[in-house]
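Step one of this worksheet: look at the structure below.
Because the structure is a prediction, the values reported are computed rather than measured. Just so it is clear, the values below take in all heavy atoms, side chains as well, and ignore hydrogens, waters and symmetry mates. Sequence lines set the chain letters: A, B, ... in the order given, protein chains first and strands last, and positions in each chain run from 1.
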There are 2 protein chains.
Amino acid sequence: MPPVAAATEKKVTELLKRQSLSVTASRKRILQLFLDQPGALSHGAIEKKVGSVFDRVTIYRTLQTFVDRGLIHTIPSADNAIRYALCKDECGDGHHRHEHIHFVCQQCHHTYCLDEVVTPVIRLPKGYSPQQVEILVQGKCKQCTVSARR
Amino acid sequence: MPPVAAATEKKVTELLKRQSLSVTASRKRILQLFLDQPGALSHGAIEKKVGSVFDRVTIYRTLQTFVDRGLIHTIPSADNAIRYALCKDECGDGHHRHEHIHFVCQQCHHTYCLDEVVTPVIRLPKGYSPQQVEILVQGKCKQCTVSARR
DNA sequence: ACTAAAATAGCAACATAGTTGCAAAAATCA
DNA sequence: TGATTTTTGCAACTATGTTGCTATTTTAGT
């Protein structure tokens, strides 16, 4: 059985309204993509899934809107493919509060937010004022470790 | 006076030969760009500087070669612009060993390797095997903090 | 220093990624 | 329902990254 149940249309509509966003087909569909799976998605991955239904430009703009409203956040990468993942409730209009780290599996290439792992405090040299810390761990994810053990 | 002296041609030639790389004009010039300043450079930034002299493709291939040989390393970003920075001596053919963090200034948009700040050990949930940890700190850099104080 | 072999650079052509302006369509709100 | 606002899709464009091929440069051996 699949680990995550499909989000109902009601749920995504709820989420959009809560951010006072117009409820449109593309926004509902793209938000649902995020709810339907545990990892992060790149623009490219989303385009592959729904690119025949919605215009590329619409997908770009939808992602930007979601980031602006604090529905999703960006995850940096070393392969020129920014990923996006759902935010927790603490994020909202114009601000993001994230304390979790990001895990990139080198085998299945999925990216996950590890909400249970809190980012440590980083002590910087004099003169540097930190604002935000992003931690990116590469390795082998839960699924891939399990599959390899069989 | 400029803070960093220009690297001599001899020095870059030395570095290239040490990695058993052919010594060519583009490799010398691009390597010198890195030595002439303290931060990281994106492909775009390099192209702006020497794009009229060398072909775009040559720059891409030179950067890739340098990464492969352990001369420079990549720094992930959230703006689809991978940065490259010089490696310390511990890196070599096919492998990279980095323990430092990366600092991105939100004001001047430069990226620096903070070699004196060591990446802490990150404790992951069961099932995840970490291979590499990348830490990206955003904030205001030394220069920009000083300039603001004036 | 010269030459043959190997490596690299430049070019062209292509593929992918991201942006902008504008008119048509859809969503909101009264 | 209808007017207003917002969003979408399209077209055109810019930027970014890749590949194959040939010419040029570099290297290594004499």
Below 4.0 Å: OP1/OP2 of D/dG9 and any side-chain N or O of A/Arg56: no
Closest-nucleotide 5' rank along DNA chain C - winner of B/Val57 and B/Leu21: B/Leu21
Between C1' of C/dA7 and NZ of B/Lys17, the distance in whole Å: 15 Å
Donor on one side chain, acceptor on other, A/Arg83 and A/Thr111, under 3.5 Å: yes
Atom pair distance, as rounded to whole Å: CD1 in B/Ile59 and C1' in C/dA9: 12 Å
Nearest-angstrom distance from the residue atom CZ of A/Arg27 to C1' of D/dT8: 10 Å
Distance, rounded to the nearest Å, where A/Arg29 contributes CZ and D/dT8 contributes P: 15 Å
A/Arg61 side chain near D/dT8 phosphate (N/O to OP1/OP2, under 4.0 Å): no
Earlier contact from the 5' end, DNA chain D, for B/Gly44 and B/Val23: B/Gly44
Whole angstrom value for the distance that separates C1' of D/dC13 from CG of A/Asp55: 15 Å
Length of the line joining A/Asp79:CG and C/dT16:C1', which is rounded to integer Å: 14 Å
Heavy-atom donor-acceptor pair, B/Gln37 side chain to B/Gly39 backbone, under 3.5 Å: yes
Ring centroid separation B/His43 to B/Tyr60 under 6.0 Å: yes
Ring centroid separation A/Phe34 to A/Tyr84 under 6.0 Å: no
Sugar-phosphate, base or nothing in reach of B/Thr65, heavy atoms under 4.0 Å: nothing
Atom-pair distance (CG on B/Leu16; P on D/dT25), nearest Å: 18 Å
Atom pair distance, as rounded to whole Å: CG in B/Leu63 and P in D/dT16: 13 Å
side-chain N/O A/Thr58 vs D/dG9 OP1/OP2, d < 4.0 Å: yes
side-chain N/O A/Thr24 vs C/dA26 OP1/OP2, d < 4.0 Å: no
Plane angle bin for A/His110 and A/Tyr112 - parallel if under 30°, tilted between 30 and 60°, otherwise perpendicular: tilted
Contact nearer the 5' end of DNA chain D, comparing B/Tyr60 with A/Val53: A/Val53
OP1 or OP2 of C/dT8 under 4.0 Å from side-chain N/O of B/Ser22: yes
